[in-house]
Amino acid sequence: MMPDEPLTLMTVHAHPDDETIGTGGVMAAAIDAGRRVVLATCTDGALGEIVIADRDTPEEHRRLAATRVLELEAAMAELGVTEWENLGYRDSDMMGRAGNLDPRSFWQADMDEAIGRLVWLVRRYRPHVITTYNDFGGYGHPDHIRTHLVAVGAWQRSGDPAWYPQQLADGGLEPWAPLKLYEQAIPASVRSAMRDRLRELGRTWGEPPEGATDEERAEFEVRMARMLIPDEQITTKVDVGPYLDRKFAALLRHATQMSTDHPFLVFGVEGWREFWPFEAFVLREARVETAIPETDLFAGIA
Ligand SMILES: [Zn+2]
């Protein structure tokens, strides 16, 4: 590490908006602590839903990728983040839909090529810490699963000069091995608390749809079990209480994606303060010594 090189966090995400939902707090906190924050988003989010009824039109869908570039820019301004990149893939839509077969999609991408794109960014920005999703992509979306694979691949390859040597020769970059790799986590206790409160309000979230068959219920629980992390497996819990106002403001900037009626937003920032005043992670890999449990992604480095 060069003496004047800032400690750097790179968050790797699937679509514009995922960065704010999952890591908006740690991104704002790192900026305030004088660290460098670089967001790497893998896709353009072109096939997302539009949650605002009167904007849910063919014209708005046609320009959705462009719209989301601007929403992301506004969200990053709320968080104080000034550097972000995109790997250049098209949104893969959900499994089984036509978008999932699009040769431009992230789902259809050659993985060595995709990992090489992220390796390029890792070698360029030299992050000490990288965050991504678990191998279920957090909730099973194809782009989120791919994001996990690409981030883990970049973690393994970016420090090895034998991988993507043309980046070193032609681009003038050096190999760079980040020091810690995290997976974001939703602790099981957060789901239970939010589900119970939403139930009191007559809303459902975090439970199977009404009228679900036994089979559908079982399937739902399997999916939940892969999505939620038992609290005792969380290695790292970062208090983002002081940043919740900014995180909440940033969420609202993703206007086509987040309605104020969304279960994540319906309680307002006070709800986040009550249920989710921290961001949780599982430390997947480390090239430094650190003591678990941690309260800072840079523990053992800074
Ligand atoms: Zn996403």
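Fair warning: this is a prediction, and the values are worked out from it, not measured in the lab. Counting starts at 1 for both ligands and their atoms, following the listed order. Along the sequence shown, residues are numbered consecutively beginning with 1.
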Among side-chain atoms of T147 and H141, is any donor-acceptor pair under 3.5 angstrom?
no
Under 4.5 Å between any side-chain heavy atoms of E294 and Y182, yes or no?
yes
Does any donor atom in the side chain of R117 or Y89 lie under 3.5 Å from an acceptor atom in the other side chain?
yes
Backbone or side chain, does H15 get an N/O/S atom under 2.8 Å to the Zn ion (ligand 1)?
yes
Any salt bridge linking E71 with R253? Criterion: basic side-chain nitrogen under 4.0 Å from a carboxylate oxygen.
no
So which of the N, O or S atoms of D18 lies nearest the Zn ion (ligand 1)?
OD2
Verify the distance test for H144 against the Zn ion (ligand 1): any N/O/S atom under 2.8 Å, yes or no.
yes
